[in-house]
Peer 1: 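Below you will find the structure I want to go over with you.
No hydrogens, no waters, no symmetry mates; every other heavy atom, side chains included, goes into these values. All chains are named by letter (A, B, ...) in the order of the sequence lines, taking the proteins before the strands, and each is independently numbered beginning at 1.
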Amino acid sequence: MPFSAPGAPSLGTAAQRLQEWFSVHARDLPWRSTRDAYAILVSEVMLQQTQVDTVVPAYREWMGRFPDLGTLAEASQEEVLKAWEGLGYYARALNLQRSARLILEHHGGRVPREDEELLALPGIGRYTAGAVQSIAFDLPRAAVDGNVERVLCRFLDIDTPARDRRNQILFGRIVREMMEENSPGDLTQALMELGALVCLPRKPRCDGCPFGGLCLARSRGTVSKRPVPRPRKPTQAIQASVAILTDGERIFLQKRPPEGLMANLWEFPGGKLEEGETPRAALRRELFEELGIKVRGEKKVGTIRHAYTSFSVTLHVYLARMNGSESLPDPSGNLALPSGWFTPEEARRLPMPAANVKILARWVEEPD
DNA sequence: CATCCGTGGGA
DNA sequence: TTCCCAAGGAT
């Protein structure tokens, strides 16, 4: 227990300073003006791997459309995914809806507060359970996110990866001990706020840190080495071709499979280039394989670069005007995926991946 | 334990 | 431009 060893920083003093700092510097975020456990849960799921500035507008919109568990439970999958558009990790949205339904069915419509009940809900793991327990119910449970890991790795000058099991157990103990003399909800948010505003990944503002000399990394001059970075896989570059198929009024979109990358979202048809294949050849091949059609006269309108977590895609975008002499893909036929012809207005209401939203805006809604 | 799962912003 | 990475979870 290094934190109670002689010479280790005093947790009681640190917690007290942190709370005083938070009472002055806490941002006015929309989920901080409610005690509604559902609202807290929504904010925490949205905030998983997603920055506050991205979440705030989406959170406001979501709470306007799905103000309680019941409205979320009754919504269509399409509505839920559309409300999540642009946030990424789309399984979070459907898991949240499934959780809402389970809470209504098994917990009387009240967000549960016990470990086992919360962790049994889809999309709620150790972090989110602890965040809901501490922030919504003021229970002394740790919520250790990337911010808290960074803060504690520096505070204790941890020289092993933050994700190591030993460190995670240590962090949980530290946080719970800091909660003994403080509001668990405030302490959870204060630790994360410190990581977001002061104990920054690259240029930490140690001058403004309430921990001051209590921080071991700071006193030892190792702040820039903490937390120790985790090795990262090289990103892979991929090229793909997509088609804006149009009959003059409508465009053709297809729905992605219910599992895997960007599941259930609608997108323009196309696919990846094979080894040595040109973008145009790939487009024609994919449209024949997927839709059974042979396009001609397609015109390249541009390219879009889009970065995912472990790979980057260059999308070659083509406009193919079907003039009636070609056969059109038939959504009512035996295509592998659900599909349809949509006006631009209809398409805009469908949930789509960010890169496809760009294509829609750039070459369908505002063509040259 | 490693990998998959998105996106946008900052440096 | 490129790289990093953010209020993680599921498998």
Peer 1: Between A/Ser310 and A/Thr54, name the one whose nearest nucleotide on DNA chain B is closer to the 5' end.
Peer 2: A/Ser310
Peer 1: Atom CE of A/Met352 to atom C1' of B/dT7: distance rounded to whole Å?
Peer 2: 16 Å
Peer 1: Could you give the distance separating C/dA7 and B/dT3 at their C1' atoms, to the nearest angstrom?
Peer 2: 22 Å
Peer 1: Taking 4.0 angstrom as the limit, do A/Glu79 and A/Arg65 come out as a salt bridge?
Peer 2: no
Peer 1: Expressed in angstrom and rounded to an integer, what is the separation of A/Ile304 atom CD1 from B/dT7 atom P?
Peer 2: 12 Å
Peer 1: Taking OP1 and OP2 of C/dG8, is either one under 4.0 Å from a side-chain nitrogen or oxygen of A/Gln49?
Peer 2: yes
Peer 1: Taking atom P in both C/dA10 and B/dG8, what distance in whole Å separates the two?
Peer 2: 24 Å
Peer 1: Applying a 4.0 Å non-hydrogen cut-off, can you work out what A/Arg27 is touching in the nucleic acid: base, sugar-phosphate, or nothing?
Peer 2: base
Peer 1: Between C/dG8 and B/dC1, how far apart are the C1' atoms? Round to whole Å, please.
Peer 2: 16 Å
Peer 1: Indicate, with a heavy-atom threshold strictly under 4.0 Å, whether A/Leu96 touches base, sugar-phosphate, or nothing.
Peer 2: nothing
Peer 1: Indicate whether any N or O donor in one side chain lies under 3.5 Å from an N or O acceptor in the other, for A/Arg150 and A/Asn147.
Peer 2: yes
Peer 1: Hey, is the side chain of A/His306 poking within less than 4.0 Å of OP1 or OP2 on B/dT7, counting only N and O atoms?
Peer 2: yes
Peer 1: Between A/Asp53 (CG) and B/dG10 (P), how many Å, whole number?
Peer 2: 8 Å
Peer 1: Within the 4.0 Å heavy-atom criterion, would you say A/Ala131 contacts the bases, only the backbone, or no part of the nucleic acid?
Peer 2: nothing
Peer 1: Identify whether any heavy atom of A/Arg256 sits under 4.0 Å from a base atom; if not, whether one sits that close to sugar-phosphate; answer base, sugar-phosphate or nothing.
Peer 2: nothing
Peer 1: Should A/Met262 and A/Tyr308 be marked as a side chain to side chain contact (heavy atoms under 4.5 Å, CB included) after you check the CA-CA gap, both sets of side-chain angles, and the distance that decides it?
Peer 2: CA-CA 11 Å; A/Met262 296 178 293; A/Tyr308 295 82; 3.6 Å; yes
Peer 1: Ignoring hydrogens and angles, state whether a donor on the side chain of A/Arg348 or A/Thr343 is under 3.5 Å from an acceptor on the partner side chain.
Peer 2: no
Peer 1: Whole angstroms only, please: what is the CZ-C1' distance between A/Phe311 and C/dC4?
Peer 2: 17 Å
Peer 1: Just to be sure I understand the rule, does A/Ala143 reach a base, reach only the sugar-phosphate, or reach nothing, if contact means heavy atoms closer than 4.0 Å?
Peer 2: nothing
Peer 1: Phosphate oxygens OP1/OP2 of B/dA2: is one of them under 4.0 Å from a side-chain N or O of A/Arg230?
Peer 2: no
Peer 1: Distance check needed: B/dC5 P versus A/Ile238 CD1, whole Å only.
Peer 2: 10 Å
Peer 1: Between A/Ile124 and A/Leu47, who's closer to the 5' end of DNA chain C by nearest nucleotide?
Peer 2: A/Leu47
Peer 1: Confirm from the modelled atom types if A/Arg92 and B/dC5 form a donor-acceptor pair under 3.5 Å, side chain to base only.
Peer 2: no
Peer 1: Taking only N and O in the side chain of A/Tyr90, is any of them less than 4.0 Å away from OP1 or OP2 of B/dT7?
Peer 2: yes
Peer 1: Nearest whole angstrom, please: distance from the P of C/dG9 to the CG of A/Leu118.
Peer 2: 11 Å
Peer 1: Would you indicate which nucleotide in C/dA7, C/dA6, B/dT7 comes nearest to any side-chain atom of A/Gln51?
Peer 2: C/dA6
Peer 1: Think A/Arg165 has a side-chain N or O under 4.0 angstrom from the OP1 or OP2 of B/dC1?
Peer 2: yes
Peer 1: Without hydrogens or angle criteria, can the side chains of A/Glu193 and A/Trp21 be said to hold a donor-acceptor pair below 3.5 Å?
Peer 2: no
Peer 1: Scan A/Met262 against the nucleic acid and name what it touches under 4.0 Å (heavy atoms): base, sugar-phosphate only, or nothing.
Peer 2: sugar-phosphate
Peer 1: With sugar-phosphate meaning primed atoms plus P, OP1 and OP2, does A/Trp84 contact a base, only sugar-phosphate, or nothing at under 4.0 Å between heavy atoms?
Peer 2: nothing
Peer 1: For a quick check of understanding: with a heavy-atom distance under 4.0 Å over all strands, which category does A/Pro122 fall into, base, sugar-phosphate or nothing?
Peer 2: sugar-phosphate
Peer 1: Rounded to whole Å, how long is the line connecting atom CD of A/Gln48 with atom C1' of C/dA7?
Peer 2: 8 Å
Peer 1: Tell me what A/Arg126 touches on the nucleic acid: a base, only sugar-phosphate, or nothing, going by heavy atoms under 4.0 Å.
Peer 2: sugar-phosphate
Peer 1: Going by atom types only, do A/Asn167 and A/Glu149 share a side-chain donor-acceptor pair under 3.5 Å?
Peer 2: no
Peer 1: Whether A/Arg113 engages the ring of A/Phe137 as a cation-pi pair (distance to the six-membered ring centre under 6.0 angstrom, angle to the ring normal within 45°) should be assessed.
Peer 2: yes
Peer 1: From OH of A/Tyr308 over to C1' of B/dG6, roughly how many Å is that when rounded to an integer?
Peer 2: 8 Å
Peer 1: So what does A/Leu87 hit on the nucleic acid, given a heavy-atom distance under 4.0 Å: a base, only sugar-phosphate, or nothing?
Peer 2: base
Peer 1: Is there a donor on the side chain of A/Tyr89 or the base of B/dG6 sitting less than 3.5 Å from an acceptor on the other?
Peer 2: yes
Peer 1: Say you pick atom P in B/dG6 and the same atom in C/dT11; how far apart are they, in whole Å?
Peer 2: 14 Å
Peer 1: Base, sugar-phosphate, or nothing for A/Thr128, non-hydrogen atoms under 4.0 angstrom?
Peer 2: sugar-phosphate
